[in-house]
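Have a look at the structure below, then the notes.
Naming convention: chains lettered A, B, ... in sequence-line order (proteins, then strands); numbering from 1 in each chain.
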Amino acid sequence: NAGVTQTPKFQVLKTGQSMTLQCAQDMNHNSMYWYRQDPGMGLRLIYYSASEGTTDKGEVPNGYNVSRLNKREFSLRLESAAPSQTSVYFCASQWWEGEQFFGPGTRLTVL
Amino acid sequence: KQEVTQIPAALSVPEGENLVLNCSFTDSAIYNLQWFRQDPGKGLTSLLLIQSSQREQTSGRLNASLDKSSGRSTLYIAASQPGDSATYLCAVCQGGSEKLVFGKGTKLTVNP
């Protein structure tokens, strides 16, 4: 039982490049989330998915797209990376309004 | 809009001390409140989840209380140890939503 896994762990991009962050959970949770964490700003919700086939914007969705591929997987795509997207990205999952579980994070630097 | 505040932002205590971390929220219409721990360079680890109908939850040396009407929660850590050093975050789940609103955390340092 791996919980929530994220790939890659680290990534360096140049401005304008694109990439997809992958997230998977093996707890049969219905809801999945993408957050970014920045110094002094705390955790901010980018997008979430309440169930397979649905996605909704969070607090800071601009510059990102998401795909809920199936119940297990939820990916985050940066189409044209900008230095302002340098951050630590966390994926999380939960069962309805229960406990939320986090992945280990992806540290992204955009030059 | 729900806002979650954690005071103090940082706390340093000697080993063995009992301590209390505070969390306040502006909208009392919450479904539950969750306390997390984050070690440097790591993800968040869930410590305790308190449902809105509960007053407290306990896990080992940790006890979390919830006073929904006053918009407050406390995390009590008994007999603190250097291994407790981490950032502690609280988050509330608004009623009717599955989204969490996070505080900015309290960075705890327990000195040997």
Heavy atoms of other groups near A:Met41 CE, more than 12 under 6.0 Å: no
For A:Leu43, the option from B:Val101, B:Leu44, B:Leu100 that meets side chain to side chain contact (heavy atoms under 4.5 Å, CB included): B:Leu44
Heavy-atom neighbours of B:Lys107 NZ exceed 12 at 6.0 Å: no
Atom of B:Lys99, atom of A:Tyr48 and distance for their closest heavy-atom approach: CD-CE2, 3.2 Å
A:Tyr35 with A:Tyr89, same ILVMFWY side-chain cluster at under 4.5 Å: no
Contacting moiety of A:Arg107, where chain B heavy atoms sit under 4.5 Å: side chain
B:Gln34 side-chain N/O to A:Gln100 backbone N/O, donor-acceptor pair under 3.5 Å: yes
Separation of A:Phe102 CZ from B:Thr45 OG1 (nearest 0.5 Å): 10.0 Å
Within one Ile-Leu-Val-Met-Phe-Trp-Tyr cluster: B:Trp35 and B:Leu66, side-chain cutoff 4.5 Å: yes
A:Gln94 CD to B:Ser46 OG distance, which is reported to the nearest 0.5 Å: 10.5 Å
Single-linkage hydrophobic cluster A:Leu108~A:Val66, side-chain heavy atoms < 4.5 angstrom: yes
Non-hydrogen side-chain atoms of A:Gln37 and B:Gln38 separated by less than 4.5 Å: yes
Donor-acceptor contact below 3.5 Å, side chain B:Lys104 vs main chain A:Gly40: yes
B:Val4-B:Leu21 co-clustered via ILVMFWY side chain contacts under 4.5 Å: yes
